Every structure is written in structure tokens, then in C-alpha cells.
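Each remark here refers to the structure printed beneath this line.
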Amino acid sequence: MALPDFLVIGAPKAATTALHSALARHPRLHMSAVKEPKFFLTDGPPPRRGGPGDAETYREHVWRRADYEALFDGAPPGSLRGESTPFYLYDLAAQRRIRALIPAARLIVVLRDPVERAHSNWTHLWSAGLEPIGDVVRACAEEGRRVAAGWAPFWHYVGLGRYGRQLRHLYTLFPREQVLVFRYRDLVDRPEVALDRICGFLGVERGLVTEAPPENVTAHPPKSRGHRLLSQLVRLGDRVAGQALTSPLERVLQRGGRAREPLTWAQRQELLSYFTTDIALLQDVTGDDFGDWLRPRERSGGLVGVRPTGQRQARNGRPRAV
């Protein structure tokens with residue numbers, strides 16, 4: 001039976017794509033060729049409909065057990081098998097499914113300032129032409145309606161960042177020694193230290209992977225009449241033909257996109273109101289201090305800078321080189 005030994009379970013827009021690629025370079029770690037197979041998100045076929053772009057995402061789910069196990073068939077003898085689906089932390093039912101099938105799995109959690117994470121998430125969908133609201137604060141205010149309408153979790157800008165609730169539930173299912181929690185900024189600022197910590201947690205040799213190259217970097221196209229018109233075409237094309245039509249439009253939308261623009265302190269304060277209670281819970285659950293998340297940021301926006309030349313927004317549910 002080829003099931004993973006460890007999972008990167010959260011959070012979206014917290015450098016999990018870069019982490020997946022970095023770990024794949026370790027000779028003792030076999031990472032699935034599909035980043036984000038999403039196997040544990042459902043008990044069977046995923047939904048067929050949702051918000052803009054969701055139907056394409058649902059088609060990418062690796063939801064059949066045989067297909068999921070096949071992702072790990074090529075693992076060399078003695079290696080540890082892993083996959084990365086950052087929605088598992090958010091989805092409490094997914095946590096229970098993991099516990100039922102692979103109770104000994106080691107779980108890796110990357111936590112990013114929830115306001116920054118929400119802003120990056122919104123920018124990702126804005127740059128793809130899928131997000132119709134050109135202001136992150138107003139988009140977050142729409143979350144309740146979108147959740148009720150069945151939009152996929154990637155649209156849950158606020159909910160995905162309430163880590164206290166998520167980790168509190170996770171620790172009822174898994175002992176803490178099976179869970180490694182660290183910060184996104186550690187991976188960005190001190191990748192060799194963060195990667196050594198992960199390798200130590202997994203029980204493989206340290207010092208063999210020292211960097212997490214920027215991947216899935218979000219471009220931030222400015223508001224313009226052209227962006228609005230192309231985005232309308234993307235959302236229309238998504239309903240008619242999916243990625244076959246929208247992918248070329250997305251490339252045009254993101255051409256010349258800049259690094260993500262910083263939030264103002266006023267915007268940050270508005271968004272912080274969604275998270276203050278959960279940050280207190282997170283501190284209680286972990287015993288760590290996250291008080292810096294409640295203050296203005298010395299650095300904001302796209303910390304990894306402008307998207308590398310030739311890179312596109314990742315479609316994480318598809319096979320990729322590892």
C-alpha cells in the first residue's frame with residue numbers, strides 16, 4: 001500500500017509550492033508529482049460547480065484511492081513519501097479522514113500572517129481575472145455569501161487564516177509530536193534553517209536542501225479598464241470552455257504584473273478585525289507569541305518580489321516535475 005508518510009497541510013499562499021519543490025530535492029524524500037492532489041478533501045467525487053474557476057479545480061482532484069496511491073508508487077526503497085495540499089488544515093473533515101487512513105503521518109504546517117495571507121490569496125485570484133471585486137476589504141466582506149453559495153475553499157480568504165480553530169481541532173486527532181508548525185517568514189528569510197528543521201522533524205539528513213526557490217509568485221496587475229474587460233472575458237470563458245479559453249487570457253492579464261502591492265494600515269486594521277479573536281486562540285493553543293500579527297507590518301506586499309521571468313501562476317493540481 002503506497003500512502004504518504006507525511007503531508008504539508010497548510011496554509012494556502014504560505015510558500016507551500018516552494019516548500020514542496022525544495023523537499024523534492026532531498027534524496028530521501030519522494031514528493032508526489034501532483035502538488036495538491038486534494039485526496040482527503042472529499043469522501044468521493046468532488047463537487048461540479050462553485051465560484052469562478054472552481055469547476056476546473058474540482059476536475060483536478062485526485063479522489064480515487066488507486067489514483068492517489070499511484071502518486072507514490074515510484075518512491076525509491078527507504079524514502080519517505082509526501083504530498084502537499086494546504087487546504088487539509090482548514091478542512092476539519094479532511095483532518096479526520098487523514099487520521100482514519102494514516103494515523104501515524106507527520107504533518108507540516110506553515111502559518112502566514114492571516115491578513116497578508118488573505119491579501120495574497122485575493123491578489124492571486126484578481127490577477128487570474130477570476131475575482132470580480134477589485135478591493136480586498138470588500139472581497140472579504142463577501143465571504144459569507146460565497147461560502148453559502150458553495151464557492152471552493154480558495155475563495156475563503158478569512159476562514160483559511162483562522163489557524164487557532166484549525167490547530168485546536170488537529171491536536172484532538174494527532175499528538176503534538178507528529179505536527180510541526182513554523183512561520184512563512186522563516187522559510188522566506190531563513191530557508192536553510194527552516195528546511196533543516198523540517199528534515200529533522202522527518203528524520204532525514206539535514207543540510208542537503210538549503211533553499212526554497214520562489215514558485216507560484218503572484219503578479220499584481222493594476223486596476224484598469226483593460227483588466228476589467230479581460231477579467232469579464234475570463235469569467236465568461238470559464239463557464240463556457242474552462243482553461244482552454246481562460247489560460248491564454250490569464251497570461252495576457254498578468255503580463256507586466258508587479259509584485260503584490262502593500263496594504264495600508266487602514267486596510268490592515270479592517271481585515272485584522274476578522275482575526276483578532278482567533279490569533280488569541282492560536283497563542284493559547286500553541287503557546288507561541290503571534291502578537292506581531294496585530295501590529296503594522298514593517299514589510300508587507302510581495303516579500304519574494306516580482307515573479308521570476310518566464311514563470312506563470314502554478315496550476316497546483318496538475319503533474320509537475322519533482
Side-chain angles (χ1 to χ4, degrees), residues 3-41 68 71-72 75 79-92 94-99 101-114 117 160-161 163-164 166-213 215-216 282 285-288 290 316 322:
L3 288 168
D5 301 290
F6 68 95
L7 304 168
V8 178
I9 65 171
K13 303 308 296 181
T16 58
T17 302
L19 177 57
H20 184 96
S21 294
L23 295 178
R25 298 178 178 185
H26 196 291
R28 287 279 315 283
L29 302 178
H30 175 84
M31 303 302 292
S32 63
V34 173
K35 195 263 181 180
E36 295 190 24
K38 305 181 180 71
F39 174 73
F40 291 102
L41 295 183
Y68 185 63
L71 296 176
F72 309 102
S79 64
L80 297 179
R81 300 177 293 267
E83 66 112 321
S84 307
T85 299
F87 298 98
Y88 291 158
L89 178 65
Y90 172 60
D91 190 321
L92 306 190
Q95 294 184 15
R96 292 190 289 270
R97 294 184 190 107
I98 295 168
R99 177 65 178 80
L101 190 59
I102 43 175
R106 289 189 172 268
L107 308 175
I108 298 169
V109 177
V110 193
L111 300 183
R112 183 177 188 177
D113 175 323
R117 198 222 64 80
L160 283 165
Y163 313 126
Q166 298 160 22
L167 280 171
R168 180 178 61 184
H169 184 266
L170 187 71
Y171 287 140
T172 68
L173 302 173
F174 292 90
R176 289 176 182 250
E177 58 267 23
Q178 282 180 227
V179 182
L180 174 66
V181 178
F182 69 99
R183 293 196 185 206
Y184 162 84
R185 289 197 176 213
D186 291 336
L187 192 60
V188 171
D189 292 341
R190 296 171 293 277
E192 68 286 350
V193 175
L195 291 166
D196 270 359
R197 187 179 173 202
I198 294 168
C199 289
F201 171 69
L202 296 176
V204 298
E205 186 177 353
R206 304 175 191 226
L208 298 184
V209 286
T210 59
E211 60 178 356
E215 291 212 20
N216 204 18
L282 176 65
V285 168
T286 63
D288 294 330
F290 291 90
N316 280 324
V322 295

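Values in this document were obtained by computation on a predicted structure and should not be read as measured data.
With hydrogens and angles ignored, the 3.5 Å screen pairs a side-chain donor or acceptor of R81 with a backbone N or O of L3. Checked by atom type and distance alone, the side chain of R97 pairs as donor or acceptor with a backbone atom of L41 at under 3.5 Å. Between the Y90 side chain and the G10 main chain, no donor and acceptor come within less than 3.5 Å of each other.
The shortest heavy-atom contact between L92 and H169 is O-CE1, 3.5 Å. Shortest non-hydrogen contact noted between H20 and S32 is NE2-O, 3.0 Å. Here the closest non-hydrogen pair linking L71 and P37 is CD1-CB, 3.7 Å. Residues P86 and P12 approach most closely at O-CD, 3.2 Å, considering heavy atoms. Between G82 and F72, the shortest heavy-atom contact is O-CE2, 3.5 Å. In terms of heavy-atom proximity, G161 sits nearest to P114 at O-CB, 3.5 Å.
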All N/O donor-acceptor pairs, side-chain side in residues 199-212, below 3.5 Å, sequence neighbours left out:
none

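With a 4.5 Å cut-off on side-chain heavy atoms, L89 and Q95 count as touching. In this structure, the side chains of F182 and I198 come closer than 4.5 Å at one or more pairs of heavy atoms. Using a 4.5 Å heavy-atom threshold, the side chains of V193 and D186 count as separate. In this structure, the side chains of L160 and F87 come closer than 4.5 Å at one or more pairs of heavy atoms. Side-chain contact check for I102 versus D5: every heavy-atom pair is 4.5 Å or farther apart. Side-chain contact between R197 and L180 is present, with at least one heavy-atom pair separated by less than 4.5 Å.
In terms of the side-chain hydrogen bond (donor to acceptor under 3.5 Å, both in side chains) criterion, D288 has no residue partners (sequence neighbours excluded). With sequence neighbours left out, E83 forms a side-chain hydrogen bond (donor to acceptor under 3.5 Å, both in side chains) with Y68, T85, Y88.
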Candidate pair S21 and M31, rule side-chain contact (heavy atoms from CB on, under 4.5 Å), full reasoning:
CA-CA 8 Å; S21 294; M31 303 302 292; over 6 Å; no
Criterion side-chain contact (heavy atoms from CB on, under 4.5 Å) on L101 and F39, from CA distance to verdict:
CA-CA 11 Å; L101 190 59; F39 174 73; 3.9 Å; yes
Check the pair L29 / F6 against side-chain contact (heavy atoms from CB on, under 4.5 Å), numbers first and verdict last.
CA-CA 10 Å; L29 302 178; F6 68 95; 3.9 Å; yes
Let's go through F40 and R99 carefully: what are the C-alpha distance in whole Å and the side-chain angles of both, what is the deciding distance for side-chain contact (heavy atoms from CB on, under 4.5 Å) to 0.1 Å, and is it a yes or a no?
CA-CA 10 Å; F40 291 102; R99 177 65 178 80; over 6 Å; no
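A distance of 12.5 Å separates CD1 of I108 from CD of Q178, quoted to the nearest 0.5 Å. For the atom pair OG (S79) and NE2 (H26), the distance works out to 11.0 Å, reported to the nearest 0.5 Å. Between atom CG of residue D91 and atom CZ of residue R96 there is a gap of 8.0 Å, rounded to the nearest 0.5 Å. Residue D113 holds its CG atom at 7.0 Å from CZ of R185, rounded to the nearest 0.5 Å. Distance check: T286 OG1 to Y171 OH gives 7.0 Å after rounding to the nearest 0.5 Å. The distance from the CZ atom of R117 to the CG atom of L111 is 11.0 Å, given to the nearest 0.5 Å.
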